[in-house]
Amino acid sequence: MSVDLRVRLRFAALAACALAAVLTTAQSWARDDHDDDRCAGNKALRLVNGKIHTMDAKDRIVSSVLIRNGRFAALGHGAHDSDDDCVREIDLRGRTAVPGIIDNHNHIILLGLRPGRDTRLEFANSIPEALATFTARAKEAKPGEWITAIGGFHRNQFFKDPQPIRFPTLDELTKAVPDHPVFMMEGFSGPGATNALGKAFLEKNGVPVGADGFVDGGAFGVATPCTTALFLLRQMQTRDSMLQGLRDAMRYAAGTGVTTHLDQGGFPFRVPLVGDPSDGAADFDRYRAHDSVRTLSQQGELTNRIWINFLHVEEDVNTPELRARLLNSWNDFGGNMLHVLGIGEFTASNFIAPGTPAWFNGTRLVAQAQWRNENHSLNFPVFALPGLPVDWKVIIDGWQTVNDELTDPANPNRIPDGITKLRWVLAHVPVITPEYLQKLKSLGGGVSVLGGWRWLTGDSANNGPPFRDILASGIPVGMSSDGMQISVMSPWVNLYYVVTGKNARGQLINAGQTLGRNEALRLYTSNNGWFLSAEDRLGTIEEGKLGDVVVLSGDYFDQRAVPDEKLIDLHSVLTVVGGRVVHDDLNAKSKDYWKAGLP
Ligand SMILES: [Zn+2]
């Protein structure tokens, strides 16, 4: 029986005892049949008896909300005023709810393109939990399908310091999943591991596999055993399997509480349409990468809001591809579910080469076209050469140069505001100084910080972001996961890092820069509307805004109810996008495979 039908009618007052609940359920069934025509097409949803944190400027907490036609129509007492008995009502039974999480920089499109039945391991914090997650996932697969986990996890999360880290062995993976081939691979390009069926297939196709199931990898941009395995798996994909992949990716996101993504693209396949064995997990075919999201959008099947940036890397100093993009497509265009925003996370240069002539030319074009622009920063020296300036300095200084040129009175193509109204964003930002924060702020820019990457693989020398310094600067700051290759998507794992400063090994690596729980969650909600130029629609629970709500498995705001070490287990028990329930775990224990690792 669908929860939808059971809770459509108002019967909260009757639910005091078990008998009443049983009767009520029967009555609501009867009325549902009876009322089908009259209530058909009614799009109203009321959540009651919750601790609903609006994250608005006053930090209001309300017990109920009414969502009508996709938007919040009333909060608190006002939510009960409607006498429309077609309103579907859900009793939150005191649970904590927050605005739908906005992940302002991730790679949901790449996640949807993973070959095999992708298995998120974000909630697995030991080898047994990882194995249980694979076993649960295999139960959902059709005979012969591969069970895969490509990116978004690391061996570090299976073992606390000082235990040595390792992958599950061939025997362990074979015992956990005897009937399907399994392939797991870290980051962009491995290394990884496989089970007996996977080993047999890979070796038959020339990919070396260790006796313990280990598959070597890790190099960037060259063929390795792991990327060759990935290439072979991609050959087996069909349009249908890719649609399934995106459905699964959105289902997972909704389960963690993410309702809106700003996707930041992928690197182009070396060989268009087919790829080659050097392509890693962050590579896709530019011509076809967005087919699935367009199809599901057309079919009304998007369960998350997917906003798109276009990533540009090209060798030609004149950046013909970026020029063609800016001349022939529209920025900030689309609806509230699927929307094209701007350029990012790279502007013509590859990811270690901001400041090159191609990067400058590309950046000038984006500025002249007045598009939104985003660049990532990992505190790498340009070209990864020690002694050369680090990426964030080059980017911010370069943006200043482009802005100065554009606003120069002598420039015949002068634009008086330059880039200052375009909300250009520096993403990740493990390191930055107050001086450069002010420089970016005066350019109208913002900073997107992350947590999960440092949680997975950070250490005392590779820590940050300096959350406190960034907040103190007054620059717009929002949060993202940068999942799904080098980082986890779960906002609660990302927030665990922001709040505790600890990595997956349990080591404190970001002391002095941690944030309180409320200010940390603001980065993922109220602050993130700005990053999509949608603060009028997204980020808080307020009348008139889009009706996105997440009901949590525990009270994030209460340290006693959810101690710090338990933050990483938080997830959604009810996710609502535009008034539509897209994940429901409130009334029936969900079969979501990824929860196999949860207590
Ligand atoms: Zn990214």
Side-chain angles (χ1 to χ4, degrees), residues 101-114 120 122 150-154 186-189 220-221 249 253 258 260-269 279-284 286 289-290 293 304 306-313 340-354 359 362 366 372-380 384 391-392 395 423-432 445-458 462 464-465 477-491 493-494 497 523-524 528 531-532:
I101 300 294
I102 302 167
D103 193 344
N104 81 30
H105 179 127
N106 76 23
H107 299 273
I108 180 88
I109 296 294
L110 280 166
L111 182 64
L113 291 168
R114 296 278 200 264
R120 292 295 88 194
E122 300 182 2
I150 296 163
F153 76 94
H154 193 276
E186 282 173 357
F188 294 118
S189 58
F220 196 83
V258 175
T260 301
H261 310 262
L262 175 49
D263 186 79
Q264 305 278 346
F267 296 115
F269 274 174
D279 294 322
D283 301 330
F284 64 28
R286 278 181 302 172
H290 297 98
V293 74
N304 299 173
I306 299 185
W307 292 38
I308 303 284
N309 270 352
F310 291 113
L311 180 154
H312 277 270
V313 291
V340 169
L341 196 62
I343 300 298
E345 58 184 300
F346 302 111
T347 316
S349 76
N350 81 28
F351 73 109
I352 53 169
W359 181 88
V366 180
R372 186 190 185 278
N373 191 21
E374 177 158 348
N375 278 187
H376 95 166
S377 112
L378 296 177
N379 199 38
F380 283 177
D391 47 21
W392 47 273
I395 291 164
R423 303 188 177 187
W424 285 16
V425 169
L426 189 71
H428 314 335
V429 202
V431 176
I432 194 165
V447 166
S448 163
V449 291
L450 49 62
W453 176 49
R454 289 315 204 194
W455 178 77
L456 266 187
T457 54
N462 299 286
V477 51
M479 179 116 192
S480 74
S481 68
D482 198 25
M484 315 315 156
Q485 285 74 240
I486 60 162
S487 186
V488 292
M489 191 204 294
S490 164
V493 177
N494 277 271
Y497 178 75
L523 304 185
Y524 255 132
N528 259 353
F531 286 79
L532 279 69

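Ligands are counted one by one from 1 in listed order, and the atoms in each one are counted from 1 as well.
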Enumerate the protein N/O/S atoms at a distance below 2.8 Å from the Zn ion (ligand 1), ignoring waters.
His105 NE2, His107 NE2, Glu345 OE2, Asp482 OD1

What residues, two or more places apart in sequence or in another chain, satisfy side chain to side chain contact (heavy atoms under 4.5 Å, CB included) together with Pro430?
Ser377, Asn379, His428, Trp453, Arg454

Taking only residues two or more places apart in sequence, or in another chain, which ones meet Asp283 in a side chain to side chain contact (heavy atoms under 4.5 Å, CB included)?
Phe267, Phe269, Asp279

Residues forming a ring-ring contact (aromatic ring centres under 6.0 Å, His included) with Trp392, sequence neighbours excluded:
Tyr436

In short, Ile395 meets Pro354 closest at the heavy-atom pair CG1-CB, 3.6 Å

Asp482 vs Ser487, test: side chain to side chain donor-acceptor pair (under 3.5 Å). Steps then yes/no.
CA-CA 6 Å; Asp482 198 25; Ser487 186; over 6 Å; no

Working note: His107 + Phe284, criterion ring-ring contact (aromatic ring centres under 6.0 Å, His included); need CA distance, chi angles, decisive distance, verdict.
CA-CA 11 Å; His107 299 273; Phe284 64 28; 8.8 Å; no

